[in-house]
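Data first, discussion second: the structure below is written as structure tokens.
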Amino acid sequence: MAESVTITDNRTGESIEIPIVNGGVDATQWSKLLPGMWFYDPSFGTTAAASSAITYLDGDEGVLRYRGYPIEQLAEKSTYLEVAYLLVHGELPTTEQYEAWKHEITYHTYIHEHVRKRFIEGFHYDAHPMGMLVSSIAALSTFYPEAKEIDDPAIRMKQIVRLIAKLPTLAAGAHRYSKGMPFVYPDNGLDFQTNFLSMMFRVAEDRYECDPRLTRALDILFILHADHEQNCSTTAARVVGSSQADPYSSMAAAAAALYGPLHGGANEAVLRMLQDIGSYDNIDDFIASVKAGKGRLMGFGHRVYKSYDPRAKIIKNAAYEVFEVTGKNPLLDIALKLEETALNDEYFVSRKLYPNVDFYSGLIYEAMGFPVEMFTVLFAIPRVSGWLSHWQEMLEQNSRIARPRQLYIGAPERDYVAMNARS
Ligand code: ACO
């Protein structure tokens, strides 16, 4: 059997045979036969916009691997910082490499005082922390003008470290400001997760301490959110980066894409949905309203997964461990019942709609004391390592500027009409 497809232009009878490589066909071959005829694929549902060696995803089988390593093994045995190294460098670190990486990240957590005083504190008191994060990531580009030297691998790596290290500081700064709490500086003696929680929640204690089960749960959530191949925000990073914008501008674009409720904003939307449902008795009415087209069951469905999202399974288990420390989130029972109802309902079954990564993550975050507005920010903190890995890969592939075509459906040529002659 030939590993190829043949396309025939029925207008001319001409054909072209295109080999199937890595599960895809090369569009440049297609355009040789059909110059000026575009492949119509709004939302890129069937377009491979890149070749990538970072993350493997099989949506039918529910498989997710970073650099070949199954997500289940990474969630059980690794740490977020090790996973970030793996994504960025392509291999797991040796002990020396890991220690050096941790040191680098730890020593780049501080932000310039002007970022805090002029940007973070310049926002209105009730600004959404995700809006603050998007803007302050973009603002960082003005503090590191050398970041424009994107062809220099050492300068690139410096910005990668800075971004991974500074996102928790920016995130916690946004939270503290919105609560009217004083900014907490990073503490280099703490590990990545505890340092973040300290910057978020420390009040007057000498040193912030946290139950290791909670920091481990947060670490697992960060591992699960670190990358997910060509999702909306990663695509935004690659597209903006393809214009050779500096990494801070590209990451701000990615964070902006993540903000939307159909993407990273879903975890916040899930919590609000569960709060609105409020009790068991309202679940059937809520499901009926979703089926009638009045809103979506947030945290359900995925463009790629057509079975249970493997990340959702891991998160569901992590949730129980967190609740052992914090006490059960009262919304858990509603979430479990909602899931059971949906998974037995023909509407959801026939559309292959299963819980995604965000169905349970918000319950954990809320139980840990994070306000709902911070949920998408909590997604962005680890996802920046995925965005940066893709940004770097895209540059190393000497990618051309992203520039899709369109099918024009507007008016044909017509003459300008003076305003007083328009009806
Ligand atoms: N609730 C109810 N119906 C849904 C849902 C949902 N959550 N998701 C999809 N559907 C229905 C659609 O209405 C459509 O039905 P139809 O065929 O009768 O018109 C069918 O399922 C297919 O849906 P599409 O919108 O074509 O699926 P798409 O791949 O474009 O969307 C998405 C994927 C955006 C994730 C969608 O499932 C959704 O909106 N889910 C809720 C938001 C969410 O949880 N987002 C987080 C995704 S994971 C992440 O980004 C981290």
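The figures that follow rest on heavy atoms only: side chains count, while hydrogens, waters and symmetry mates do not. Every number for a ligand or one of its atoms is a count from 1 in the order of the listing.
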Show the short N or O contacts, below 3.5 Å, that ligand 1 makes with protein N or O atoms; if there are none, say 'none'.
residue  : atom   : partner : partner atom : Å
ligand 1 : 1 (N)  : Leu297  : N            : 3.0
ligand 1 : 3 (N)  : Tyr347  : OH           : 3.1
ligand 1 : 7 (N)  : Leu297  : O            : 2.8
ligand 1 : 7 (N)  : Phe300  : O            : 2.9
ligand 1 : 13 (O) : Arg296  : NH2          : 3.4
ligand 1 : 15 (O) : Arg351  : NE           : 3.2
ligand 1 : 18 (O) : Arg351  : NE           : 3.1
ligand 1 : 18 (O) : Arg351  : NH2          : 3.0
ligand 1 : 25 (O) : Arg296  : NH1          : 3.3
ligand 1 : 25 (O) : Arg296  : NH2          : 2.9
ligand 1 : 29 (O) : Arg303  : NE           : 2.7
ligand 1 : 30 (O) : Arg303  : NH2          : 2.9
ligand 1 : 39 (O) : Arg296  : NH1          : 2.7
ligand 1 : 40 (N) : Phe300  : O            : 2.9
ligand 1 : 44 (O) : Gly299  : N            : 2.9
ligand 1 : 44 (O) : Asn356  : ND2          : 2.9
ligand 1 : 45 (N) : Leu262  : O            : 3.1
ligand 1 : 50 (O) : His263  : ND1          : 2.9

Across all chains, not counting sequence neighbours, the side chain to side chain donor-acceptor pair (under 3.5 Å) partners of Glu324 are none
Sorted by first residue and then second, give each salt bridge (Lys or Arg N to Asp or Glu O under 4.0 Å) pair with at least one member in residues 295-311; sequence neighbours left out.
->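 Checked against salt bridge (Lys or Arg N to Asp or Glu O under 4.0 Å) - neighbours excluded - the pairs reaching residues 295-311 are Asp309-Arg311.
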Salt bridge Arg156-Glu396, side-chain N to carboxylate O under 4.0 Å | yes
Drop me the distance from Ile314's CD1 to Ile71's CD1, to the nearest 0.5 angstrom.
-> 6.0 Å
Does the side chain to side chain contact (heavy atoms under 4.5 Å, CB included) test come out yes or no for Ile120 and Ile111, once each step is laid out?
-> CA-CA 11 Å; Ile120 295 181; Ile111 51 173; 4.2 Å; yes
Could I get the full list of ring-ring contact (aromatic ring centres under 6.0 Å, His included) partners for Phe123, not counting sequence neighbours?
-> none
